Amino acid sequence: MIDGLTPSTFENAVGDRSAPTLSALAAAGEYRRGVTTFPSLTPVCLTSIATGAHPDVHHIPHLVWWHRGEQRVIEYGSSFAAIRAAGTRRSIRDTIVGMNQEHLSADAETIYEAVDDAGLTAAAVNITCYRGRTRYLPTVPGLAPATFGPKRFFYYNLYESDPAGAPLSVRNRAAGSIDDYAAAAGRWLVTRDGFDLLVYYLSDFDFASHVYGPDGARTALARSDAAVRTLVEAAGGLDEFLDRYAVLLCSDHGQTHVHRAARLQDHVRGPAIVTASNRAGMVYTDEPRAVAAQLDGAEAVDASFLLEDGEIVARRDGDEDAAVLDEYPGGRERVAAALRNPNAGDLLVSAADGWEFADLAGSHHAGGGSHGSLVAGDSEVPMLGIGIAPPARTIDVKDALLARLGVARVPA
Ligand SMILES: [Zn+2]
């Protein structure tokens, strides 16, 4: 999984010498565009991929949200400044452990739990939704609480199931040191054929794409390609690699260019809590309909959504018309599931083209790239299958992989 890789970037890179490994994989497989969940933000999207479900089932609503039970903001890392604004220690704990052990619904089943329960070995490298059955202590005592991950687990040097000798991941993010760590762990795993399922998560591409925009991250894509090549070479070459493994290559969401940023909270009056970041916002309020009307005419807002008597009310610039939902890929299904998440705000807001909502600390990516909204650019992902038919939605990835492994899905 290459975080934030857009279909157009992938399609343009295929056949291009800058991405030789991705090109070779594409030549061996079947490709289509897929659709992710809403809000199209990393913690929500990765959790949907890992659980095969939308947020109504897994309960992770956004990068930043209001915890009604604990009466506090949860911030998974919109920006370093936003983490500071929400409380550094608490935010890091929420991101690393809280999301998996407390916020992720106990009723959702992760792919690692399904694979391990079937007596097979699941491995995960760096993916932030990792809940499994094996207990881990941090590599440095006291640095983080104990957590539960898959049987084989490598997480930014912080939790490691095996002594793979991978280099320090946080040394230089801009130069791709996190994916270097992932590649070292991946090489170790493939060399030993040490898994039945490997979730190999490369996060550096999204980081570069936020800074340079979705088309400006070619150097970063070359590094993602090299990180995939590491796996192929560890198996002894492409033929050996594809003899041994089926491959599903995808991303968690897209990205679009953003030129301007706005504070969503500046448009909301009265008692309400606004959590916004990237291209999605949520408002926690007893009067979602009134707040939706307050957003009429706000340039940064494309549309807003709320539930009334179980039905979606969609509003854009003063007009209430659920037909708006049909303008987005999977619009009705994704908005309904997002609103039926008990941790979501009472009003969900999708940003207008080119706009971003500033986070808790006022940070944004104007001049670069962002995602989170319902529009196709934020929502579509490349989906390449080799030995697996590529699914149309990211929530179908889990079942596709389990079927390939011969693991029957536990009925909901
Ligand atoms: Zn992402």
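Every heavy atom of this structure was used, including side-chain atoms; hydrogens, water molecules and symmetry mates were not. When a residue number appears, it is its place in the shown sequence, counting from 1. Atoms within each ligand, like the ligands themselves, are counted from 1 in listed order. From a predicted model like this one, the values you see are computed outputs, not experimental measurements.
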Any N/O/S atom, backbone or side chain, of [X] lying under 2.8 Å from the Zn ion (ligand 1)?
X: His253; value: yes
X: Ser203; value: no
X: Asp206; value: no

Any Lys/Arg nitrogen of Arg316 or Asp296 sitting under 4.0 Å from an Asp/Glu carboxylate oxygen of the other? no
For Gln71, is the CD atom crowded, meaning more than 12 foreign heavy atoms sit under 6.0 Å from it? yes
Asp3 atom (N/O/S) at minimal separation from the Zn ion (ligand 1):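 Nearest to the Zn ion (ligand 1) within Asp3's N, O and S set: OD1.
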With respect to the Zn ion (ligand 1), what is the nearest N, O or S atom of Asp252? OD2
Ring centres under 6.0 Å, that's the criterion: do Phe153 and Tyr136 meet it?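 Yes, the ring centres sit under 6.0 Å apart.
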Regarding Asp252 and Tyr201, is there a side-chain donor-to-acceptor distance under 3.5 Å anywhere?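 No, no side-chain donor-acceptor pair sits under 3.5 Å.
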For Ser23 and Gly15, which heavy atoms make the closest approach, and how far apart are they? OG-N, 2.9 Å
